[in-house]
Amino acid sequence: MKHLYFQRIVKLLLFIVIWGSPISPSLRAQSAARIWNEALLESIRHDLARPTVHARNLFHVSIAMYDAWAAYDTVASPFLLGQTVGNYHCPFLGIPQPTDIEAARHKTLSYACYRLLKQRFQSSPGATTSLALYDSLMNQFGYATGNFSEDYGSGDAAALGNYIAARIMEFG
């Protein structure tokens, strides 16, 4: 009974802190990778103790973040995009160079992590808290959670993030 009460208090506080305020200065100062890593770690805390599952989640979110960054770099080689890893080939034709590379990276990385984490933690015991956190982050960034497009050829950073997440889900 006390545990249930405590969970409700935590959820309420989380709701007030995240939904009830604009992006905090401390959140603005952190990289998108740091923010989404913190969200992943928070989700792991609210899930069952499943070390191998969470090791995979940490690895796959890291792949998503690296590939979201590398897709806009002229020298870096993505881990999965355009590569063959084991028996899995991930097609990638490249993406047009955006005028604001950092904004595109942020958006791509956010969509990739959002889609991947939503799928991975949808049945978790802490799903209510975790899924609300992901939605809140996307809202704070001003990104539409209803954008499911994977057609990144036009240069849409959100579509590339969705594409990365979908390919990692196939891969994993």
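Here the structure is a predicted model, which is why all the values come from computation and not from measurement.
- Y143 and F141 have tilted rings, their planes meeting at an angle from 30° to 60° on a 0 to 90° scale.
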Quick one: side chains of residues 92-101, donor-acceptor pairs under 3.5 Å with protein atoms, not counting sequence neighbours, listed by atom name and distance.
residue, atom, partner, partner atom, Å
D100, OD1, E102, N, 3.3
D100, OD1, A103, N, 3.1

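- Nearest heavy atom pair, residue S124 against residue H46, reads OG-O, 3.8 Å.
- Minimum heavy-atom separation, R115 to A165: CB-CB, 3.5 Å.
- In this structure, Q30 and I35 approach most closely via the heavy-atom pair OE1-CG1, 3.6 Å.
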Please determine whether side-chain contact (heavy atoms from CB on, under 4.5 Å) holds for the pair Y72 and L160, giving the CA-CA distance in whole Å, both sets of side-chain angles, and the decisive distance to 0.1 Å. CA-CA 11 Å; Y72 297 100; L160 180 58; 3.7 Å; yes
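- A salt bridge links K118 to D135: at least one charged side-chain nitrogen sits closer than 4.0 Å to a carboxylate oxygen.
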Before giving the answer on side-chain contact (heavy atoms from CB on, under 4.5 Å), spell out for E150 and R167 the whole-Å C-alpha distance, their side-chain angles and the decisive distance to 0.1 Å. CA-CA 10 Å; E150 294 179 21; R167 299 301 73 82; 3.1 Å; yes
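- The closest donor-acceptor contact from the side chain of T108 to the backbone of A68 lies at 3.5 Å or more, if one exists at all.
- Contact record, H54 with L48: NE2-O, 3.3 Å, taken as the closest heavy-atom pair.
- Distance check: H60 NE2 to Q119 CD gives 10.5 Å after rounding to the nearest 0.5 Å.
- Atoms CZ and CH2, from R105 and W69 in turn, are 5.5 Å apart once rounded to the nearest 0.5 Å.
- When atom types are taken as modelled, the side chain of D67 and the backbone of L80 share a donor-acceptor pair closer than 3.5 angstrom.
- Side-chain atoms of Y134 and T145 form no donor-acceptor pair, as typed in the model, at a separation below 3.5 Å.
- When hydrophobic clusters are built by joining Ile, Leu, Val, Met, Phe, Trp and Tyr residues whose side-chain heavy atoms come closer than 4.5 Å, directly or via intermediates, V61 is grouped together with Y88.
- Judged as a ring-ring contact (aromatic ring centres under 6.0 Å, His included), and not counting sequence neighbours, the contacts of Y163 are Y152.
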